[in-house]
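Each chain gets a letter, A, B and so on, in the order the sequences are listed, and its residues count up from 1.
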Protein chains: 2
Amino acid sequence: MTPLVRSFVSHFGEMGSRWGINRTVGQIYALIYVSAEPINADQIAEELEFSRSNVSMGLKELQAWRLVRLRHFPNDRREYFEAPGDAWEVFRTLAEERRRREIEPTLSMLRAALMDDAASAEDRHAQERMRDMHGLIEQLTNWFDDIQRLDSATLSKLMGMGSTVHKLLDFTDKIKRATGAKPRT
Amino acid sequence: MTPLVRSFVSHFGEMGSRWGINRTVGQIYALIYVSAEPINADQIAEELEFSRSNVSMGLKELQAWRLVRLRHFPNDRREYFEAPGDAWEVFRTLAEERRRREIEPTLSMLRAALMDDAASAEDRHAQERMRDMHGLIEQLTNWFDDIQRLDSATLSKLMGMGSTVHKLLDFTDKIKRATGAKPRT
DNA sequence: CACAAGTTTCAGGAATTACTGAAAATTGAA
DNA sequence: TTCAATTTTCAGTAATTCCTGAAACTTGTG
């Protein structure tokens, strides 16, 4: 491994814990990500000096995250791995998985808690707070869904507009008002 | 603690590890979040049956995350804690902190790696991949900055529009083309 | 200043999570 | 079906992270 690749790989190892994956998994992903060609588990184990079984587990986790893809070559039974190249696709995948793992369970819990009837004033206050939290999370995730449905090109445009988006909003308000349409609330 | 509050608190404990904080810290936050009044460290320790020192460490971490706020009452030397009530503010804070801790370090590493000159073809390919990653992260974080600068009301409108935002983009394109302005690329 | 209330630090033990090697399972080819 | 190549599982150990109690520190008050 060249020093350049080595530093990239070890950074992912160190950050892994902050990102909710472990050191090994982070390094494996980094190595696959920068490799020009798909690589197999033995190559990974050798490069990173991990046990073969550790690599196997790490790859399983990366597949569960849908961050790596399996490839086969003719006359070679070994499994090779590559990381999808489209950065947007990776981002989308990551966002979806994090949502599924980190947000949905909380939404369910909140929904259940809001169904209970609160006997005490304490409980009523707690439910009020939970309602706030639930509302925000739902608003955010719905928006995110909408955004995700946009194709990469549109998304790029939208992002390119940045904060000037509020000018656009004002503008459409004016048009609607001028044409007698019901204004946004 | 009522069953309602208990279930909320323990959910935050369980999710804590997925969110990059530990069980204790998650539970402490949850308890402060739903409390009608600010509470002090001893009350937290008693409710959650944690050692006083554990609570102290947890509170320190929550303060580092800017998720809790310190309050004092007259004739009482103890420190009381409350969680900001505006859900949007909480979201903003969380996003800023995560960015600082989880994204900025990676951006720095990538920038440094892209400055190195790549000797081998392998390194050149790796740099290409890193450039992709860097570009995406920067685009996302810049956009996020822009969005965060919007006030809550505008943000709400934007989110309310959801995916119809692309219609708006098409529409402005048409106007610009009709008026002879240079179209967006 | 002396003291008491309150908070933080920290070394060591407890609990959790990660990693390994050996053995089992799977897979494709003969 | 048998065999060899490859991958996965799993029990035990290593490493890390978490939590506690005791001691040290800080702060406001008489």
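Looking only at distances, no side-chain donor or acceptor of B:Gln127 sits under 3.5 Å from a matching main-chain atom of A:Leu4. The backbone N or O of B:Gly135 lies less than 3.5 Å from no partner atom in the side chain of B:Glu138, so there is not a single donor-acceptor pair. Not a single donor-acceptor pair under 3.5 Å links the side chain of A:Gln63 to the backbone N or O of A:Val68. Side-chain atoms of A:Arg23 do not come within 3.5 Å of backbone N or O of A:Glu14 as any donor-acceptor pair. Proximity of a side-chain donor or acceptor of B:Ser108 to a complementary backbone N or O of B:Glu104 within less than 3.5 Å is detected. Remark: side-chain polar atoms of A:Arg129 are paired, donor with acceptor, to backbone N or O of B:Tyr33 under 3.5 angstrom.
Taking atom CG of A:Asn54 as the reference point, atom C1' of D:dT7 lies 14 Å away to the nearest angstrom. For the pair B:Met57 CE and D:dC18 C1', the computed distance is 9 Å after rounding to whole Å. In this entry the distance linking NZ of B:Lys60 with P of D:dC18 reads 15 Å, nearest Å. To the nearest angstrom, C1' of D:dT8 lies 17 Å from CZ of A:Arg78. Rounded to whole angstrom, the span from the CG atom of B:Asp42 across to the P atom of D:dG21 amounts to 14 Å. Remark: P of D:dA5 and CD of A:Glu79 are 17 Å apart, rounded to the nearest angstrom. In this structure, the CZ atom of A:Arg52 is 15 Å from the P atom of D:dA5, given to the nearest Å. The distance between atom CD of B:Glu49 and atom C1' of D:dC19, rounded to the nearest whole Å, is 14 Å.
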Pairwise N/O distances under 3.5 Å, protein to nucleotides 22-30 of chain D:
| from | atom 1 | to | atom 2 | distance (Å) |
| --- | --- | --- | --- | --- |
| D:dT27 | O2 | B:Arg77 | NH2 | 2.6 |

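Looking at B:Glu128 and B:Arg131, a side-chain N of the basic residue comes within less than 4.0 Å of a carboxylate O on the acidic one, giving a salt bridge. Salt-bridge annotation for A:Asp86 and A:Arg92: absent, with no side-chain N of the basic residue lying under 4.0 Å from a carboxylate O of the acidic one. Contact check on A:Arg99 versus A:Glu96 returns no salt bridge, with no Lys/Arg side-chain nitrogen under 4.0 Å from an Asp/Glu carboxylate oxygen. With respect to B:Arg71 and B:Glu37, no salt bridge is recorded, no charged nitrogen being found less than 4.0 Å from a carboxylate O.
Side-chain contact between B:Phe12 and B:Val25 is absent, with no heavy atoms from C-beta onward closer than 4.5 Å.
Phosphate proximity of D:dG21 to B:Ser51: absent, as no side-chain N or O sits under 4.0 Å from OP1 or OP2.
Within residues 15-23 of chain B, the residues that place at least one heavy atom under 4.0 Å from DNA chain D are, in residue-number order, B:Asn22, B:Arg23.
In the 5' to 3' direction, nucleotides of DNA chain C lying under 4.0 Å from heavy atoms of chain B begin and end at C:dA4 to C:dC10.
Of the residues near DNA chain D, A:Tyr80 and B:Phe50, the one whose nearest nucleotide (by heavy atom distance) lies more toward the 5' end is A:Tyr80.
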